[in-house]
Asks: 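One structure is given below, represented as structure tokens, and several questions about it will come after.
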Amino acid sequence: MENYEFENFIKNIDSNGEVDNMLWEKIKIILEEYKREDIILSVYVLSSWLPNNRASYYKLYILNNILINMEEKEYGNKLEIDSYEKFSIFCRKLIEIIPQFEFMEDYVFEDELGEIKYFFEDKNYAVFGMGAYSNLYEYYSLFQVLYSYLPENINYKNDFKNILDYLDKVIKIISIHNSRKEIDRGNFEIPSYEYWENIYRNFNKIQEYCSNQMSTIVNFENSKISKNLEEILSHWEENIPLPISLKYKEKTFPIFSRELVVNLLFYYKEKIRILINDKDFYRSLKIGIADYILNRFNNNSLYLLQIYNLNSKKITGSIIYDFGFLVEDDLYLFFTTEISDDLNLEKILNKEKEKILQNSFTFISYFEGEVISLRKKIKNVKFYKIIVKLSPDNEIIFSKNIEIITIQELFYIFDEIEELSEYKNYEIFLEKCKNFLPVDRINYFSAFKMAKGELIKGAENYNKIALDPNMAEEYRCESLKKRERLLKYVRYGHPKNWKIKNIENKIETYNILTNDFSECIEIDKKIIFISLMKVHFIEELTMENKDFIFNIISMIEKYFVLFKDLLKNDFLFSEKENILIKIFPSSLLDKKDFIHLSHLKNKNIFNSDCSLIKEMYIIRVVIDIKNFKKEFLKEPNCILETKLFLEIIKNLVCKNIYIEILKQVSELEYKESEFKLIEIRSLIPNREVYFEFIVEDEYFIKARKEIAILLEKEKIEIGEYKGKDILNILMKIREILNKKIEYELSQYSEEIIQYILEILDDIFFSNGAVVESYNQSECYRNSNNYIEREKKFRESYKIFIFILENKLYQNIYGEKKITENDIKYLYALVKWIINVYTSIEVVYYSVNKNLKLIIEENKLFTIEMINEKNIEDWENYIIKLIYSNTDIGDVVSEEEKNSFFEELDRTF
């Protein structure tokens, strides 16, 4: 965590970066041959052409700086650039004289043009996420956090909105006919005719906006113009961006740049210089950081707090922590501070740590004065000083005894992690990477995310691994693009408040602030949102009703999908407005706040209305949940769900389409509903009847990696094995893994036994629910869902019993308390071990002489079997027989049994 460089784009410029002293004059001579307005437009075309600005950013930095520096005087008989042919000649002249700068232009920016968005004040703006500054996207958050929370901040917000709006407009224009082709480093070429024509026709729009909205920053930048090549190089090394514009004949003309937000940061660095040491600046900064984390994680984090002594009822802490969070019994605290002396700060933090670890400690909210109790004994505290810089620079940040994190790194990491507990896993990962070749630390985080917490999948040596120094940029770009593709499912508020999942080609969205749950269906380009807010269903949303209520959404979704082709023919679905179907329980209508829905109150099970608000059709559906459920239990067919669908679409489609749907619905309504409610009750209140023990991929990857390293250490050779060699090698692997699990289990206290028994109790109870569902519902039987649930049950049962039996057999108990993460890791580890046991059984009892064991380079092994699918089919068949209470003793005939055992005798 030491020797971290905040901005590492420029290092020790060598001879490869030196510019020929004559280059300035050569470029200037070419530029002076032409009319100034034509040159400005042509350089803009050349600079905004994606294959150029992604790969020749230093060339364009020089070219634009020389253009800006040219005197305003105009000479007679200047050449015009009024056709594509003349533009091509001009470009060719420049390309011939400008050299390659291999050291400066050693990277091609990621391919993005409008796919990446930044959300500010209820709008998503298209921005550039990658550029000449590392992690460019994080500078938008930096500006917002630095300045949007200062007193009287309206001007800050206006300037930020102007920059975002300007970028959004520019990107929309330059996206037309631009090129997304693959290119090499240093690529510098003539843009296409179509692109030149596009900018030629639209340049006045860009110029007009730049003149009207960027004037404040333009005036500031006039004093920062480079006078010669030495100054250009110096400004490049100092991370000074290209000016936003240039002035000619009292007019302002735009200069193309990806990094306009950095221009804004440099401008504000000068503008608020007097505030840097002001406590109000740090106060507003802390609010900005806390708000950023709050938008991302809601109330799962602690915000703006100080140490408080419960006994004396006094604030005893010296530092206001911007935010913090608990992972198990570890407390993570992040803070900004004006304290620059690290030795002094270290002493303060040590005292803070002592207070935190005392039983009488708690926190108090800095602004609200509310006491915050963690309700948990803290065993370890980790402090992180957030390093804040007002603009990019190359200063190396170093701290020997205090953990530091730059604010850009913080934005990057906490924007990408899904849960705060991931940060602890990242710290563990960093510890493993300490012997890697040094790169910018954020690359380690991208490696952590890409590998789900484990960098290697086999038995590679950590000490020999070198990370791609551009990994962070590549990962972030793809992540932001992926996020943008989901933005259309965000109906309101900050995108970071929404969790969006694609489950079996079905989009589900959930807002962590409002508890708004939706399923989304797309018909052509129109999105239909079927939504309910949990707060509206406080009385109805019990464990008994939970599945039924959420099934109502799925019922509606089912029929929109079923009648998708028919609905496309209705004129409504050719319009751009989306459709929002909001579901309310009828009990809500009795409340004073919902008197505006009183017209929907009647004796029917459901009722609805429709309106067009803010370019969206909104259908409000009021449902009597109690009576709906009661009627549904009487006859679990499709009558009620089809009536509900018809109630909704009567508000949307024309008469002819409605009649056609009505005809088709009449053929479906007496079929058994796939959403049949299974009346299963537990003796224990709020018991989860369909419990499933879920273990995420990262635990299996971690276990697989550790096994691979063990097998490498024990000299298990890669290759193919046949005959007796298969059993010999598998038994050797089993012996190695038995020792591994013995060691792991010996660490835990007796608590592990109780923990596993409770899980087993849940999965047995859940399996009972599946059996009851099978017996009650023909639709459930036909779905074969019970087969997958039974397989999952058997796997979980086998794994937990294996752990339990091994622990009891050892009869060795350590001090370590079991956690959910521990049990998931043990589950993953034992699953791999049981695979070895199963493989030995398969080989031992197989009558197939052509079995092969293949151990791959990463120590993963497979057994090739001709009849692998037959085995799976056989297992499914047996499960069906067991569920239908069929005696499986007579499944195989006597003749088949005799034949099988004769073949078995010959084989062994």
Side-chain angles (χ1 to χ4, degrees), residues 115-127 129 137-138 140-145 148-149 157 160-161 164 168 286-304 322-326 334 365 367-368 407 410-423 449 476 479-503 506-520 527-538 541 550 553 578 580-584 613-616 618:
E115 300 94 333
I116 293 176
K117 301 286 197 298
Y118 187 82
F119 180 85
F120 184 69
E121 300 234 313
D122 298 323
K123 183 178 177 182
N124 284 296
Y125 295 89
V127 297
Y137 188 81
E138 317 319 323
Y140 300 103
S141 298
L142 175 63
F143 184 86
Q144 185 174 349
V145 164
S148 290
Y149 300 88
K157 289 187 177 182
F160 192 37
K161 284 177 75 172
L164 293 172
D168 189 81
K286 287 177 181 294
I287 295 172
I289 292 173
D291 192 45
Y292 179 89
I293 298 295
L294 182 64
N295 269 324
R296 187 73 182 87
F297 299 102
N298 196 11
N299 291 321
N300 294 324
S301 179
L302 308 164
Y303 305 95
L304 300 169
D322 299 29
F323 73 97
F325 54 89
L326 269 169
F334 294 77
S365 170
F367 292 112
E368 298 172 4
I407 196 165
L410 184 143
F411 294 147
Y412 187 116
I413 291 171
F414 286 93
D415 196 34
E416 289 292 338
I417 60 176
E418 293 301 319
E419 304 292 340
L420 288 164
S421 57
E422 267 191 79
Y423 193 82
K449 287 297 290 183
R476 184 69 162 147
S479 175
L480 291 169
K481 283 182 183 179
K482 182 179 177 182
R483 189 178 303 172
E484 190 277 334
R485 289 193 289 271
L486 298 174
L487 280 178
K488 60 184 177 181
Y489 302 112
V490 173
R491 298 203 318 274
Y492 58 84
H494 203 298
K496 290 175 185 174
N497 298 152
W498 289 87
K499 291 185 179 294
I500 303 173
K501 294 180 180 178
N502 190 336
I503 302 172
K506 186 165 63 176
I507 299 294
E508 292 184 356
T509 68
Y510 181 72
N511 189 294
I512 61 174
L513 293 184
T514 61
N515 290 325
D516 184 338
F517 175 83
S518 302
E519 284 187 14
C520 311
I527 302 174
I528 301 158
F529 301 92
I530 310 167
S531 165
L532 66 79
M533 296 181 75
K534 288 185 179 179
V535 69
H536 294 155
F537 286 81
I538 293 291
L541 208 56
F550 283 98
I553 292 181
N578 290 328
L580 170 62
I581 301 167
K582 298 181 73 173
I583 301 172
F584 300 94
I613 303 173
K614 291 184 180 179
E615 298 186 344
M616 181 178 280
I618 297 179

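As a basis for the values below, the full set of heavy atoms in this structure was taken, side chains included, without hydrogen atoms, waters or symmetry mates.
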Asks: Report the residues that fulfil ring-ring contact (aromatic ring centres under 6.0 Å, His included) with Phe325, sequence neighbours left out, ordered by chain and then residue number.
Replies: Tyr332, Phe334
Asks: To the nearest 0.5 Å, what is the distance between CD on Glu121 and NZ on Lys157?
Replies: 4.5 Å
Asks: So, the side chain of Asp322 versus the backbone of Ala290: is there a donor-acceptor pair under 3.5 Å, distance only?
Replies: no
Asks: So, using side-chain contact (heavy atoms from CB on, under 4.5 Å) as the criterion, who are the partners of Glu508 when residues are at least two apart?
Replies: Ile503, Lys506, Phe517, Glu519
Asks: Which residues pass the side-chain hydrogen bond (donor to acceptor under 3.5 Å, both in side chains) test with Lys481, not counting sequence neighbours?
Replies: none
Asks: Going by heavy atoms in the side chains, are Phe297 and Ile293 under 4.5 Å from each other?
Replies: yes
Asks: So which heavy atom on Leu420 is nearest to which on Ile417, and how close?
Replies: CA-CD1, 4.2 Å
Asks: Can you tell if the side chain of Phe411 reaches within under 4.5 Å of the side chain of Tyr292, non-hydrogen atoms only?
Replies: yes
Asks: Go through the structure and list residues passing side-chain hydrogen bond (donor to acceptor under 3.5 Å, both in side chains) with Tyr412, not counting sequence neighbours.
Replies: none
Asks: Quick check: closest heavy atoms across Tyr118 and Ser141, and the distance to 0.1 Å?
Replies: OH-CA, 3.4 Å
Asks: May I have the step-by-step check of side chain to side chain contact (heavy atoms under 4.5 Å, CB included) for Phe119 and Lys496, ending in yes or no?
Replies: CA-CA 9 Å; Phe119 180 85; Lys496 290 175 185 174; over 6 Å; no
Asks: Can you list everything that forms a side-chain contact (heavy atoms from CB on, under 4.5 Å) with Leu487? Sequence neighbours excluded, please.
Replies: Lys117, Asn124, Glu484, Val490, Pro495
Asks: With sequence neighbours excluded, tell me which residues meet ring-ring contact (aromatic ring centres under 6.0 Å, His included) with Phe584.
Replies: His536
Asks: Considering non-hydrogen atoms only, spot the tightest contact between Ser148 and Phe120 and give its length.
Replies: OG-CE1, 4.1 Å
Asks: How would you list, by chain and number, every residue that makes a side-chain contact (heavy atoms from CB on, under 4.5 Å) with Ser531, sequence neighbours excluded?
Replies: Arg491, Asp516, Ser518, Leu580
Asks: Give the C-alpha distance, both sets of side-chain angles, the deciding distance and a yes or no for side chain to side chain contact (heavy atoms under 4.5 Å, CB included) between Ile289 and Ile407.
Replies: CA-CA 9 Å; Ile289 292 173; Ile407 196 165; 4.0 Å; yes
Asks: List in chain and number order the residues that pass ring-ring contact (aromatic ring centres under 6.0 Å, His included) with Tyr125, two or more places apart in sequence or in another chain; answer none if no residue qualifies.
Replies: none
Asks: For Glu416, give me all partners under side-chain hydrogen bond (donor to acceptor under 3.5 Å, both in side chains), at least two apart in sequence or on another chain.
Replies: Tyr475, Arg476, Ser479
Asks: Roughly how far apart are Asn578 CG and Ile618 CD1, rounded to 0.5 Å?
Replies: 11.0 Å
Asks: So with a 6.0 Å cut-off around CD of Glu419, is the heavy-atom count from everything else above 12?
Replies: no
Asks: For the residue pair Lys499 and Glu418, establish whether any side-chain heavy-atom pair is separated by less than 4.5 Å.
Replies: yes
Asks: Among all residues two or more places apart in sequence or in another chain, which pass the ring-ring contact (aromatic ring centres under 6.0 Å, His included) test with Phe529?
Replies: none
Asks: Rounded to the nearest 0.5 Å, how far apart are CG of Asn497 and CZ of Arg296?
Replies: 9.5 Å
Asks: Measure the spacing between CG of Asp168 and NZ of Lys161 and express it to the nearest 0.5 Å.
Replies: 12.5 Å
Asks: Once you measure the plane-to-plane angle for Phe143 and Phe160, does it fall in the parallel (<30°), tilted (30-60°) or perpendicular (>60°) bin?
Replies: tilted
Asks: If you take all heavy atoms of Ile527 and Cys520, which pair is closest and at what distance?
Replies: CG2-CB, 4.2 Å
Asks: Could you work out, with side-chain hydrogen bond (donor to acceptor under 3.5 Å, both in side chains) as the rule, every residue matching Asn515, not counting sequence neighbours?
Replies: Tyr510
Asks: Measure the spacing between OH of Tyr137 and CD1 of Ile116 and express it to the nearest 0.5 Å.
Replies: 7.5 Å
Asks: Does any non-hydrogen side-chain atom of Arg483 lie less than 4.5 Å from one of Asp415?
Replies: yes
Asks: Are Asp122 and Tyr492 side-chain neighbours, meaning at least one heavy-atom pair lies under 4.5 Å?
Replies: no
Asks: With sequence neighbours excluded, what pairs up with Asp291 under the side-chain contact (heavy atoms from CB on, under 4.5 Å) test?
Replies: Tyr149, Leu294, Asn295
